[in-house]
Amino acid sequence: MVRRLRRELAMWRPERVEVCFRLAFDPDQDHPMHWRTDPAVSGGGVLADAGSHRLDILLMLFGRPDQVRARLGNRFHAGAERTADVQLDWPGLQAICRLEWGEGPTLDRMGFYGGARSLILDPLDAYRPGENPHKPLIADFVAAVADGRPPVCPVTEAALVDDVLVAANRSDALSGAPVRPWAR
């Protein structure tokens, strides 16, 4: 899907991208996924958990944004956010991401809009319960090490996603003020 998306965007640059993600997630203390509600253990809430993968696609397609604005809220008792509204800006392009662990129908959509064109991926992630979505990435990493080649997901891309996550948290601490993702 990402390869096809790259081919489409090689011929057309959108002006706006909208990302919508919603998943019902409210584990009680005894739930095996409760650790995800504690940022000291999980690294963050819905933004780091689910949003990071959507940000990775945007950054792979458009590179480092000029600025990031974010508001994180509706936190679990341990502190991880349930909602994240994130805006990324590039020259001539803006991405608006609305991510939430909340009530309502499951959503996972990425739409690209500009001029008279639109391209909508819905659902973005066709995860099937029972399958491990990380298994192909781990297999590729093992093969890359054995073959002496870079993995399909290089660490430089992961570092860029982390820069944007840090910028989003800084922006939230500044009441949603714009932050440059490379300035610490």
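We're numbering straight along the sequence, starting at 1.
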Expected list for residues 54-66: side-chain donor-acceptor pairs under 3.5 angstrom, two or more places apart:
residue: R54; atom: NE; partner: D108; partner atom: OD1; Å: 3.1
residue: R54; atom: NH1; partner: A50; partner atom: O; Å: 2.8
residue: R54; atom: NH2; partner: D108; partner atom: OD1; Å: 3.2
residue: R54; atom: NH2; partner: D108; partner atom: OD2; Å: 2.8
residue: R64; atom: NH1; partner: D163; partner atom: OD2; Å: 3.2

Under 3.5 Å, which donor-acceptor pairs link side chains of residues 110-124 to any protein atom two or more places apart or in another chain?
residue: R117; atom: NH2; partner: E8; partner atom: OE1; Å: 2.9
residue: D122; atom: OD2; partner: R109; partner atom: NE; Å: 3.2

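What you find for P39 and A78 is that their closest heavy atoms are CD-O, 3.4 Å. Of all heavy-atom pairs between A48 and G43, the closest is CB-O, 4.1 Å. Closest heavy-atom contact between H31 and M33: ND1-N, 2.9 Å. Between T37 and P27 the shortest heavy-atom distance is CG2-CG, 3.8 Å. Considering all non-hydrogen atoms of both residues, A80 and G45 come closest at CB-CA, 3.7 Å. Shown here for S171 and R69, the closest heavy-atom pair between the two residues is OG-CA, 3.3 Å.
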Kindly indicate, with the supporting measurements, whether the criterion side-chain contact (heavy atoms from CB on, under 4.5 Å) is fulfilled by L88 and V164.
CA-CA 9 Å; L88 294 90; V164 171; 4.0 Å; yes
Let me see the working for V46 and T83 under side-chain contact (heavy atoms from CB on, under 4.5 Å), right down to the final yes or no.
CA-CA 7 Å; V46 69; T83 62; 5.6 Å; no
side-chain contact (heavy atoms from CB on, under 4.5 Å) between R36 and D49, intermediate numbers included
CA-CA 8 Å; R36 294 165 96 181; D49 189 275; 2.5 Å; yes
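A side-chain donor-acceptor contact under 3.5 Å links D172 to the backbone of L72. The backbone N or O of A84 lies less than 3.5 Å from no partner atom in the side chain of E100, so there is not a single donor-acceptor pair.
The CG atom of L47 lies 5.5 Å from the CD atom of E81; values are rounded to the nearest 0.5 Å. One distance of note links CH2 of W90 with CZ of R13; it measures 8.0 Å at 0.5 Å rounding. In this structure, OG1 in T106 is found 11.5 Å from CG in D125, a value given to the nearest 0.5 Å. With rounding to the nearest 0.5 angstrom, the CD atom of E103 is 9.5 Å from the CZ atom of R82. Rounding to the nearest 0.5 angstrom, the gap separating the CD atom in Q67 from the CZ atom in R180 is 6.5 Å.
Between F76 and F25, the angle of the ring planes goes over 60°, which puts this pair in the perpendicular group of the 30/60° scheme.
Of the candidates S52, C153, P181, V161 forms a side-chain contact (heavy atoms from CB on, under 4.5 Å) with just one, namely S52.
For D147, the side chain to side chain contact (heavy atoms under 4.5 Å, CB included) criterion is met by A143, R149, not counting sequence neighbours.
By the 4.5 Å heavy-atom criterion applied to side chains, V86 and V68 are counted as neighbours.
Of the charged side-chain nitrogens involved, none lies within less than 4.0 Å of a carboxylate oxygen, so that R71 and D85 do not count as a salt-bridged pair.
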